[in-house]
Amino acid sequence: MLRLPKFEVRTPESLDAALALLAEFGPDARVIAGGTDLVPNMKHELVTPRIVVSLARIPELRGVGDAGAGWLRLGAMTSLADVAADARVRAQAPALAQAAGLVAGPQLRTMGTLGGNVLLDTRCQWYNQTYFWREALGFCLKKDGTLCHVVEGGSKCVAAASNDTAPALMTLRAELVFVGPQGRRVTPIDDLWLADGAANKKCASDELLVEVRLPPTGPGHRGAYGKLRERASIDFPLLGVATRIELDARGTITDADVVLTALQARPVRVKRAAELLLGVRAEGDAFLAAARAVADQAHRQAHPMPNIPGDAEWRRAMVPVYVRRTLEAAARGAGPVHAV
Amino acid sequence: MIVESLDPEGPYGAKEAGEGPLHPSLPALSNAVFDAVGIRLRELPFTPAKVLKALAEKNARSTPLAGGRV
Amino acid sequence: MAARDQHGIGAPWGDAAAGDPANRAFQVVGKPHRKIDGLAKATGRAQYADDLVLPGMLHAKTLRSPHAHAMIVAIDASKAKALPGVHAVITGADLPIKYGVIPWTQDEHALALDKVRFIGDEVAAVAAIDEDTANAALKLIRVEYEPLHAFLDPRESLARPEPKIHEESKTGNVSKHVDLAFGDVDAALASAEVVVEGDYVFHGTTHAAIEPHCAVAQFSAEGRLTVWSSTQITHYVHRALAKVLELPIQKIRVVQPALGGAFGGKSDPFSLEFCVAKLAMFTGRPVKMLYTREEVFYCHRGRHPMKLRYRTAASKDGKIDAVDAKILIDGGSYSSFGLVTTYYSGQLLTGPYHFPTYRFDSTRVFTNKPPCGPKRGHGSVQPRFAFEVQLDELAEKLALDPIELRRRNFQGDFTRTVNGQRITSNGFLACLDEVERASGWRARRAKLGRGRGLGVAGSMYISGTNYPVYPNKMPQAGIQLAVERSGRVTVFTGSNDIGQGSNSMVAYVVAEELGMDVADIRVVAADTDLVPVDLGAYSSRVTFMVGNATIDAARKLRTQIAGAVAKEWQIDAARVRMGNGKVFDLDSTERCITTAEAFQIAEARCDTLGATGSYNTPTLGGDYRGGTIGASPAYSFTAHVVEASVDVETGRITCHKVWIAHDCGRALNPMLVAGQMEGSAYMGIAEALLEDHGVNRFGLHAGPSLLDYRIPTSVDTPELRR
C-alpha cells in the first residue's frame, strides 16, 4: 500500500481556532474536509503538509439552511451525498443536486464535501501519479518540474478543472463565503477562477471557504447536469455540462446559461447561450434548433487536450452532444445526463 | 446454463470451468455490435472513439452492409 | 494411462455402468455447498500473507528503474545503508543467478544485474524497521544508468535486432517463433468457394486481483528458510528459491496463505520472494514485502497484446476448409510463460469446430514494457476473439445464421483435432442450444430495432495440460489422507486455493467417497513441508487432476475401511456402505455404526490409517515438436450470446446481458461453477470495453492505479445469465 507521508492532525473546534492554526503554520498547513482529494494527493507526494487542519469538529460548517430572502446557505462541510439528497437543493438548484450526486461513488460522496469539491485540485494524467512515476519522466511544471508533457514546450499548466459542482454553481450564480485574517469576503463563484492549471483558484492559504450561497430561483427555473465518464461510477468527469433555463409562465425561455468543465484549467461558460435560447419555447423543433446552436457554439469553444484520460478528440466530439442533451434534460425538468 | 457432458476421464466426469467461459464474451460482444449497428469491431478495446470512427466509415460507404440496420 | 488414474464418472456407491443420469447416488457432488473457507473470508478472519506479523520482522521495499531500457553503470547504496533503521540493502550482485518459470527460457534476475528492461524493473531492495524507513532509504540509493534505445512497438522489435533486449536471444529481439501447418492450407485456400480475411488487434490487459503480491521470509538458526507468499504455484517458487539462493531444496519451505485472487498473475516466481529470502538470510530477522498497487501493475504478467491476421476458407454451405493465422505477440521485457503463450496462440483454436487444414505462424517479441504472462484463458483469448469475429463475418458473407454456421462446423465428440489433440466429451452443441433458447435468438436477432443487437461466440479450453513445466515422470498431482479415530479426515494437498475453491473441492470428494459430512474434513494445502507435490493452480488443471488424485486416495481408504468393517461383521465387503456419517450393512440396515466407529474398527484391525493418491496425464498430443503443449486430458466447451446496444451519437456500447452456457463435464459444486462462469464473463466484457494495460510514449505505464485502470463497477456490469 502507498504510505502517507508523516503529518500532524489538528482538530480545532471553532472557526477562529482553525484560522489561527492556518495563520500560525502558513504554507506548512493544509485543510482537510472529507479528505477524498487531499489524502490521495498526499500519498502521491503532490502535497506534503506538516500540519493537517481538520474541519470535522466545527458544526456550523455543516448543513443546508435558509439564508434569508429566498437564498440557501450550504455549509462548506456539507457532504456531497447530503447536497444531492436535500429537498430544498433539489427544488431550487436541480443542476447542483444532480452534479453532487454524480461525484465519484457513493462512499466517496459520503465523505467528500461541497467545499472540498469546489476547491478540488486540478487534474492531469501526468500529475496525479506517484512520486516514482513522476520522477521517472522528470516531473512536470505543475509539481517539482519545468516541463509540460501535455503541450510540448508549454509554459503554462493545463491541468483540468475536474469538479462537478463548479459548473452547476456557476449557472446558479452562487456566491462563496470565505473567512480569513481580514474577516469575511463574499465572492461570486465566477470570480474564483484563474486560467492556470498549477493554481486555478483565487484563494489564499490562510482563508477558509465556509459557505456556498444560492440565490432564489422561481417556478420557471430548470437546470440539469451532464457528465461524461468511462464508468458509471467513481471516475472524474471527462466532460461536465451544467445548464440552466428560466421560463416564463407560458414556457418561453427568458434566460439561459451553460457552463462546461474538465476541458481546461477553469470551467468555461458557453458564449451567447442566453441569446440563442431567448424567446424560444422550451419544447419542440424550435427549441431543438436553438439547443443545437448552443451546442455548436460550445463545440467551437472547446479544445480538449490530452491532459486527463480519454481520447481528446472524442471528448471534443462529445461537447455538442452533451450540451444539447443536457439542455433538453433541463427543458423536460429531467436529468442528469449520464450513462446508467 | 451448466451443460454436463460427463467426461470419462474427469473426476466424476468433471472438466474445466474457471477460464473457458471467459473467451466468447469479447467476440460475442463484437458480433452483437454488428447486429446492432452494422459495424465490425476488430480492435480491442471497443472504445466509444473507435465505435464512432467505424460508424462514420460505414456511413461514408454507399452500400449498406447486410445485418446492419442503421 | 495408469490404472490408478482411471476412476470412472459414477458416484462411489452408484451403478455407473447401469446408468444413473440423475446421479441420485451422489451425496455431496452435484449439490451446492459453501466453500469451506467462505465464512472465514466473509468475516475477515482469513489470514492473508500481509496479515502475517512475526517478532522482529523487518519491512522491505524495492527500488525500480525509471528507464525503459538502460545499462546499469554503477549503484551506490552507501547512504541508504547508513540511514538509521536500515538493516540491509541488496542489489543484483547479491542474487546473480537467473530464473524463469520455463526452464528453457530463464532470463530474469531478482534484481537487475547489468541492465534494466522496463520502467519498474527491480534494481535494489532495502530491509528496514518499517516501510517508511525503507522508502526513505530507496531515495538515497544512487544509480547511474546509460540509456539504450527503448522498444515500445512489437513491430519495431521484429524489424530491428539491435540493441538486443536480451543478449542471449538467438534472433534479435524475437522471444519465440512457432510455425506449424497441418494439411495443405494453401491448396484449400486456392480452391475455396469463399475466403474471409482480416486483421484483428488485442490490446494488453492485466489481472487486477484485489490482493497485491506479498511475501514474508524467515531464516531459522538451523539454516532453514520459510517463505510465505501470495503465489498460485508453491512448487515452482520452491524450486526457483533453491536455484537462486543456492540452498538445498529440502531446507526451504514455501507456504501459500489465504490468497486474494490471482487469475494467472501470481504464477511466476517474483522478485519479492527472492528479495525477502535473501534479506532474511542477511539480517537473521523475518522480512516482509508487500507490493503497492502500482508495483502490481509493473510486475504484470498479464494478457499479451497481439496483432492477428486470419484467413478462413469455406464452402458455400459454410463448412470450413482452412484456417490460416499470422500472429505478432508483444511479450514485454521477459520470457515468463511466453514459450507456452506462443504455442497456445495457435494450438488451442482447433475446437469446437472441425478444421480440415490449419496453419499458424506466431512470433513473440520482446519490448521494453512490463512483462506479459498468463492471464485467465492464457494465450487463447486473443486468437479466439479474432477467429470468432471472423466466423461471424463468414456467416454474414454466406447469409447464414451465425449459430447455424457454428453448428455446421461442430467437430463432434471423441475425435481428434487437426493438430493431433484428443477430444473426449464435447457438449458444445448443447451449449449453443441453451444460449439460443435462453436469449430468444431466433425471434430477436436482427429484430431488436435500431442500435440493439445479439451476438454469439463459442470456445473451448483445456483442463490442465500434459506438459509439465519441467520434464519428469512423477505424478502431476499427489494427495495424502490422514485419518483420526475421532472421525476426522485430513487432506494434504499441494494445490493452491486461489479463491476458486480447490480446498473445498478436495473436501467434497473425500466426503463423497467416505460418506462423511464436509465439516469433518480438514484441508492442509500448499505448504511444501507438509504436503505432496502438486503443480499448482494454472491451466485449469486443479479440479481435474487433483480431483482425480483425491478420488484415488479416498477409494484406497474406503476399500481398507469397508474391508475391516466387513471382517468385523463377517459379511461381504460389497455390503458395507458409507453415507451421512454412518457405516451400515446394505442387507441389514439396522446394523449401523458411525464413521468414527468404523475408523476405530479399521485402525484396530489394520494399522494407523492413511492413504495416498495421485494423477498423471495419459500420453497425449501430436507427434511433432510442441505437440504436447496444449494437449489436455479433456476440453471444456462454452457458448455465449451477448445483447448490446450502441449509442450512435456517443459511440458508447452498453452490454446489457450475457447468456453463458458452459460444458464443465459435471459440476462438482454447481454454485462454484456458476461463480466461475459469471466471473469469467465479467472479466471478458471488462477487457472488451474498459481495461487497457498500455504505456505512454516514455514506456511508462499510462495509469498504474485502479482509478486509471478501469475495471467495471457493479453498475457497469451486465446482467449475467447462467
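Quick note on labels: first sequence line is chain A, next is B, and so on, each numbered from 1. Here the structure is a predicted model, which means the values were calculated and not measured.
Residues A28(B) and A457(C) share a closest heavy-atom pair of N-CB, 3.7 Å. Heavy atoms only, all atoms of each residue included: A14(B) and T543(C) are closest at CB-CG2, 4.4 Å. Across every non-hydrogen atom of P21(B) and S680(C), the tightest pair is C-CB, 3.4 Å. Of all the heavy atoms in A36(B) and A644(C), the pair that sits closest is CB-O, 4.1 Å. Shortest non-hydrogen contact noted between C431(C) and V3(B) is SG-CG2, 3.8 Å. Listed here is the closest heavy atom pair of P11(B) and F544(C): CD-O, 3.5 Å.
Residues R422(C) and E9(B) are paired through a salt bridge, judged by an N-O separation under 4.0 Å between the basic side chain and the carboxylate. K15(B) has a carboxylate O that lies under 4.0 Å from a charged side-chain N of D663(C), or vice versa, which qualifies the two as a salt bridge. At a threshold of 4.0 Å, the pair R42(B)-E393(C) counts as salt-bridged, since one of the basic side-chain nitrogens sits closer than that to a carboxylate oxygen. Between R666(C) and D7(B) no salt bridge is recorded (no basic side-chain N to carboxylate O distance below 4.0 Å).
Among A667(C), G679(C), A430(C), the residue with the largest count of heavy-atom pairs under 4.5 Å with chain B is A667(C). Chain B forms more heavy-atom pairs under 4.5 Å with one residue of C664(C), G458(C), G427(C) than with any other, namely C664(C). Comparing F385(C), Y200(C), F263(C) by how many heavy-atom pairs each has under 4.5 Å with chain B, the most go to F385(C). For chain B, the option among Q390(C), Q676(C), M460(C) with the highest count of heavy-atom pairs below 4.5 Å is Q676(C). Per-residue counts of heavy-atom pairs under 4.5 Å with chain B were compared for A386(C), S425(C), G684(C), A634(C); the largest is that of S425(C). Comparing I653(C), V673(C), D692(C) by how many heavy-atom pairs each has under 4.5 Å with chain B, the most go to I653(C). Contact count versus chain C (heavy atoms, under 4.5 Å) is highest, among A17(B), P45(B), G18(B), for P45(B).
Using the six-membered ring where Trp is involved, F26(C) and Y12(B) have ring planes that are perpendicular, over 60° apart on the 30 and 60° scheme.
D199(C) touches chain B through its backbone: at least one of N, CA, C or O sits under 4.5 Å from a heavy atom, while the side chain does not. Neither the backbone nor the side chain of Q500(C) comes within contact range of chain B; no heavy atoms are under 4.5 Å apart. Looking at F414(C), the atoms closer than 4.5 Å to chain B (heavy atoms on both sides) all sit in the side chain, from C-beta outward. Contact of E691(C) with chain B is made through the backbone alone, with heavy-atom distances under 4.5 Å. For L454(C), the parts lying under 4.5 angstrom from a heavy atom of chain B are both the backbone and the side chain. Looking at V389(C), the atoms closer than 4.5 Å to chain B (heavy atoms on both sides) sit in the backbone and in the side chain alike. If you measure heavy-atom distances from V509(C) to chain B, the contacts under 4.5 Å come from both the backbone and the side chain. With a threshold of 4.5 angstrom between heavy atoms, T650(C) approaches chain B through N, CA, C or O but not through any side-chain atom. In this structure, chain B has a heavy atom under 4.5 Å from the backbone of I462(C), while its side chain stays farther away. Heavy atoms of R541(C) lying under 4.5 Å from chain B are absent altogether.
K657(C) NZ: more than 12 foreign heavy atoms inside a 6.0 Å radius.
For H23(B) and S380(C), the side-chain atoms include at least one donor-acceptor pair closer than 3.5 Å.
Taken from CZ in F637(C) to OG in S5(B), the straight-line distance is 8.0 Å, to the nearest 0.5 Å. The structure places CG of L720(C) at 8.5 Å from OG of S25(B), a figure rounded to the nearest 0.5 Å.
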Q.
What verdict does the side-chain contact (heavy atoms from CB on, under 4.5 Å) test give for M677(C) and I2(B), after you've listed the backbone C-alpha separation in whole Å, the side-chain angles of each residue and the deciding distance to 0.1 Å?
A. CA-CA 9 Å; M677(C) 289 163 66; I2(B) 295 173; 3.8 Å; yes
Q: Could you give me the CA-CA distance, side-chain angles and deciding distance for L26(B) and E388(C), then say whether side-chain contact (heavy atoms from CB on, under 4.5 Å) is met?
A: CA-CA 9 Å; L26(B) 306 95; E388(C) 291 285 333; over 6 Å; no
(Q) I'd like to know whether N31(B) forms a side-chain contact (heavy atoms from CB on, under 4.5 Å) with V642(C), so could you lay out the CA-CA distance, the side-chain angles of the two residues, the decisive distance to 0.1 Å, and finally the verdict. (A) CA-CA 8 Å; N31(B) 296 341; V642(C) 164; over 6 Å; no
Q: Report the C-alpha distance between E43(B) and K307(C) in whole Å, list the side-chain angles of each, state the deciding distance to 0.1 Å, and finish with yes or no for salt bridge (Lys or Arg N to Asp or Glu O under 4.0 Å).
A: CA-CA 9 Å; E43(B) 184 174 330; K307(C) 295 180 193 303; over 6 Å; no
**Q.** side-chain contact (heavy atoms from CB on, under 4.5 Å) evaluation trace for R722(C) with M1(B)
**A.** CA-CA 4 Å; R722(C) 40 81 193 162; M1(B) 283 133 329; 5.8 Å; no
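Within the 4.5 Å cutoff, no side-chain heavy atoms of T638(C) are placed close to those of L22(B). In this structure, V658(C) and L29(B) have side chains that are not in contact, with every pair of non-hydrogen atoms separated by 4.5 Å or more. Using a 4.5 Å heavy-atom threshold, the side chains of D392(C) and R40(B) count as touching. Between P27(B) and F387(C) the shortest side-chain heavy-atom distance does not fall below 4.5 Å. V201(C) places none of its side-chain heavy atoms less than 4.5 Å from the side chain of L44(B).
Checking each of S632(C), S636(C), S539(C), S463(C) against E16(B) for a side chain to side chain donor-acceptor pair (under 3.5 Å) leaves exactly one that passes, namely S636(C).
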